[in-house]
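Structure first, then comments.
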Amino acid sequence: MVKKIRASVPAKVILFGEHFVVYGKRALATAINRRLAVEVSGREKGGYHVKIEDIPTFGLEMDLELGKEEGKGKGKGKALLYKDYGVATKAIAYVRESIRYLEERYGIERGGEGVEIEIKSEIPLSAGLGSSAATCVATIAALKEYFGVSGDLEGIRNDAHSIELAVQGAASPVDTAISTYGGYVSVEKGEVERLHLSELNLIIGCVGSIPLSMGMDTKRASEMGLKTKKIVEGVKTRKGIFKAIFDSIFAASDEITAQAIRTIEDGDFVKLGALMNINHGLLDAIGVVPRRLSELVKMSQESGALGAKVTGAGGLDDMGGVGSVLVLPGESGDRIKAAMEIAGALVMEVKTGGEGLKITTENAELEV
Ligand code: MEV
């Protein structure tokens with residue numbers, strides 16, 4: 001057995017159609033040049049040990065004991081925190097579920113052997129950039145390779161999607177598809193299609209932390225891990241109350257995504273920006289745009305952006321407006337970045353269409 005396996009995957013941004021995709025409408029997403037890597041190796045001491053580092057604002061180290069008798073998603077853990085949060089939050093839930101899934105689905109018997117899992121990431125958490133899906137894809141891919149479970153990319157994508165679903169309860173296949181395949185994907189009625197579109201230069205503004213005035217207690221930290229779930233549930237409730245109105249909004253989003261794909265193919269960035277602005281308006285209408293993200297979008301538009309919108313799940317005011325916006329900057333990149341930084345956002349310049357899952361051993365890159 002090879003001693004060390006490294007699986008690296010990209011972050012994602014949803015360009016068009018988040019939330020609406022949960023109900024079968026079209027979405028367009030792309031990989032970006034920010035990555036998360038999971039390294040799996042043997043260790044002398046038994047059990048699984050997880051170390052997470054370099055995630056902006058977060059890190060922890062933990063021994064996992066996944067006694068089968070303790071049931072799904074449980075298990076005794078010892079958290080050795082060395083940064084911000086008071087609890088082992090969602091990253092650990094995805095790792096733990098990946099291990100449980102691997103052992104159950106593929107009948108892996110670890111015996112007395114210990115396993116070290118090390119996660120290094122450039123993807124901020126809870127920012128709508130697919131850190132959860134990236135964790136699922138990279139963890140299951142590295143574990144499968146480590147334990148010699150054969151399979152292809154599609155198998156890894158399906159595994160990762162099942163893991164994400166088990167933790168979150170609901171998730172479209174968008175995020176796990178992007179982390180697996182890279183490039184661009186469109187999703188319609190749950191079906192994933194890989195697209196070949198040209199590269200875009202974008203700016204992401206990320207509200208990555210709870211304002212100090214709101215405090216950050218243990219309860220709030222663990223709720224943050226379920227932010228997407230809470231926002232998706234809120235949309236469902238409002239959709240139930242305002243059914244006819246939401247049906248029209250959802251149909252409009254579907255059409256926007258279809259037009260956006262053609263617009264990227266045509267290289268018409270002015271129209272693409274306008275479609276982003278309209279998509280943002282629809283996201284606001286369904287209630288997923290908190291004040292801080294709304295301000296970042298407006299500031300970008302004022303500063304000359306061709307288009308700006310919330311990306312991913314959006315955010316909630318009572319969770320500090322944590323989340324991200326996506327900007328097509330046109331010629332105004334520097335002004336937009338400066339304005340966002342003054343507003344306290346973490347600003348990232350990114351390129352779309354990044355490479356998908358890469359698995360390497362100590363000596364070689366593997367074909368999946
Ligand atoms: C989250 O990145 C995007 C949502 O559309 C949820 C999903 O697609 O699973 C809000």
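Quick note: numbers below take in every heavy atom, side chains included, and nothing from hydrogens, waters or symmetry partners. Each ligand, and each atom within it, is numbered from 1 in the order the structure gives.
For atom 6 (C) of ligand 1, the closest non-hydrogen atom of the protein is V22 CG2, 3.9 Å. Summary of contacts: the protein heavy atom closest to atom 5 (O) of ligand 1 is H19 N, 2.9 Å. Regarding atom 3 (C) of ligand 1, its nearest protein heavy-atom neighbour is I14 CD1, 3.7 Å.
Below 4.0 Å from some heavy atom of V21 lie the following atoms of ligand 1, by number and element: 5 (O), 8 (O). For ligand 1, the atoms sitting less than 4.0 Å from at least one non-hydrogen atom of S172 are 7 (C), 8 (O), 9 (O), numbered in the order shown with element in parentheses. Here is the list of ligand 1 atoms found below 4.0 Å of a heavy atom in D175: 2 (O). The contact set between ligand 1 and E18, taken as ligand atoms under 4.0 Å from a residue heavy atom, comprises 5 (O).
In this structure the side chain of T135 never reaches within 4.5 angstrom of the side chain of E164, judged on heavy atoms. The side-chain heavy atoms of V327 and M340, taken from C-beta on, include a pair separated by under 4.5 Å.
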Query - Check against ring-ring contact (aromatic ring centres under 6.0 Å, His included), F250 and Y23 - result: CA-CA 8 Å; F250 277 52; Y23 298 88; 5.3 Å; yes

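With Y181 as reference, R157 is the one residue of E355, R157, R194 to meet the side chain to side chain donor-acceptor pair (under 3.5 Å) rule.
Below 3.5 Å of separation, one finds an N or O of K12 facing an N or O of ligand 1. Residue contacts with ligand 1: T228 is placed with no nitrogen or oxygen under 3.5 Å of a nitrogen or oxygen of the ligand (distance criterion only).
The minimum heavy-atom distance linking V310 with E18 is given by the pair O-OE1, 3.6 Å.
A side-chain donor-acceptor contact under 3.5 Å links D317 to the backbone of R291. A distance-only check finds a donor-acceptor pair linking the side chain of R43 to the backbone of G46 [under 3.5 Å].
Note on ligand 1: A313 sits in its first shell, one or more heavy atoms being nearer than 4.0 Å. Residue contact annotation: V174 has no non-hydrogen atom under 4.0 Å from ligand 1.
The closest side-chain donor-acceptor pair between K309 and N277, if any, does not fall under 3.5 angstrom.
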